[in-house]
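Proteins come first, then strands; the chains are lettered A, B, ... in the order of their sequence lines, and each starts at number 1.
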There are 2 protein chains.
Amino acid sequence: MVELDRADIALLRAMQKNNRLTSEELAGVVHLSPTACQRRLRRLRSEGVIEGDVSIVSPKAVGRHVTMIVMVSLERERADIVDRFKAAIRNTREVMMGFYVTGDADFMLVVTARDMEDYEQFTRRFFYENHDIKGFKTMVVMDRLKASFAIPIEA
Amino acid sequence: MVELDRADIALLRAMQKNNRLTSEELAGVVHLSPTACQRRLRRLRSEGVIEGDVSIVSPKAVGRHVTMIVMVSLERERADIVDRFKAAIRNTREVMMGFYVTGDADFMLVVTARDMEDYEQFTRRFFYENHDIKGFKTMVVMDRLKASFAIPIEA
DNA sequence: AGTGAAATTTATCTAAC
DNA sequence: GTTAGATAAATTTCACT
């Protein structure tokens, strides 16, 4: 774990909300010079504290009108089966997020689809044709309250 | 829904991966001039197709070593109770994501914590002291496979 | 070490077409 | 939609604490 001082934390907090701020704007927030802000950001990126910088696209605006939470159980929790399913997740664009978990299910997926029919087709392709899968349970997302990757950062 | 042509889609795809590309780099990707790329991005932002631009911070790098998926059931699914819980989600930094869902549970949360003890304390504060909550089920995340907001964007 | 100021390089914005 | 010039920002250099 990397050492982070107050300025780093202030920078990360700001950049998690909006990474298009100029270094001058950032300087105002963290009370350092623009140059210092840029240097710190470069360091944070090279050290992997900042993993990436992305635009957040509205699913609805690009025609993905439904989002599902899917809990998936595998037939057996054998390493090769788990790895195969992980690969399937990575290669499937409809799966926006995938978590390998302990507990009632083996995987939690967030899946987007154009509509319900589209989701139906997806389940046929992705679940029913996969013999490693014991079962899955779908929950329809009615409201996305937080879908940011904002992580609480403390001093 | 906004009309998007091939260039818009190419722009969105690129910006979902990396929004720090210069307009010249983008121009190379979408085969337009840098100015055209900037104009399109400005439009996509003003129309809300691009909801925001953020840095992705590594949870581990900032000391959040554990991630949990929590399925929450409310005592009653009454509008005011649901709204109150939505507000609680929004105001709670540990909750990285929150979805209001249909099905077995009422909410699905992604929660980060420094460690298990920290998560314990969180559950006490957030769940046990809240009388609107019937129950919750925690799944420990062993592997984050996809935790991006990359949405499949099609022509 | 890490900081800040000024000069340089680079990118973005504002036209004009 | 493009190209070119003006504006603004990021980067580098360097002196300082």
* Structure fact -> Symbol by symbol from the 5' end, with Watson-Crick or G-U pairs under 3.5 Å, [ ] crossing and | another strand, DNA chain D is ||||||||||||||||.
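Each salt bridge (charged side-chain N to carboxylate O under 4.0 Å, His left out) pair with one or both residues in residues 10-27 of chain A, not counting sequence neighbours, would appear here, but there are none.
When rounded to the nearest whole Å, the span between CZ of R40(A) and C1' of dA10(D) equals 18 Å. Between the CG atom of D8(A) and the P atom of dT3(C) there is a distance of 8 Å, rounded to whole Å. What separates CG of L26(A) from C1' of dA10(D) is a distance of 12 Å, to the nearest Å. The nearest whole Å value for the distance from the CG atom in L32(A) to the P atom in dT17(D) is 18 Å.
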What pairs of donor and acceptor atoms, side-chain ones from residues 28-39 of chain A against any protein atom, are under 3.5 angstrom apart with sequence neighbours left out?
from	atom 1	to	atom 2	distance (Å)
S33(A)	OG	A36(A)	N	3.2
Q38(A)	NE2	S23(A)	OG	2.8

Got a list of side-chain donor-acceptor pairs under 3.5 Å for residues 67-76 of chain A, not counting sequence neighbours?
none

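Between Y128(B) and F136(B), the ring center distance clears the sub-6.0 Å criterion.
R45(A) and S55(B) make their closest contact through NH2-OG, 4.1 Å (heavy atoms, listed as atom of the first residue, atom of the second, distance). Of all the heavy atoms in I153(A) and R93(B), the pair that sits closest is O-NH2, 3.8 Å.
By the ring-ring contact (aromatic ring centres under 6.0 Å, His included) test, F107(B) is found to be paired with F85(B), Y100(B), residues two or more places apart in sequence or in another chain being considered.
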Pairwise N/O distances under 3.5 Å, protein to nucleotides 12-14 of chain C:
from	atom 1	to	atom 2	distance (Å)
dT12(C)	OP2	S23(B)	N	2.8
dT12(C)	OP2	S23(B)	OG	2.3
dC13(C)	OP2	Q38(B)	NE2	2.2

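Residues H65(B) and D115(B) form no side-chain contact, since every pair of their non-hydrogen atoms from C-beta on lies 4.5 Å or further apart.
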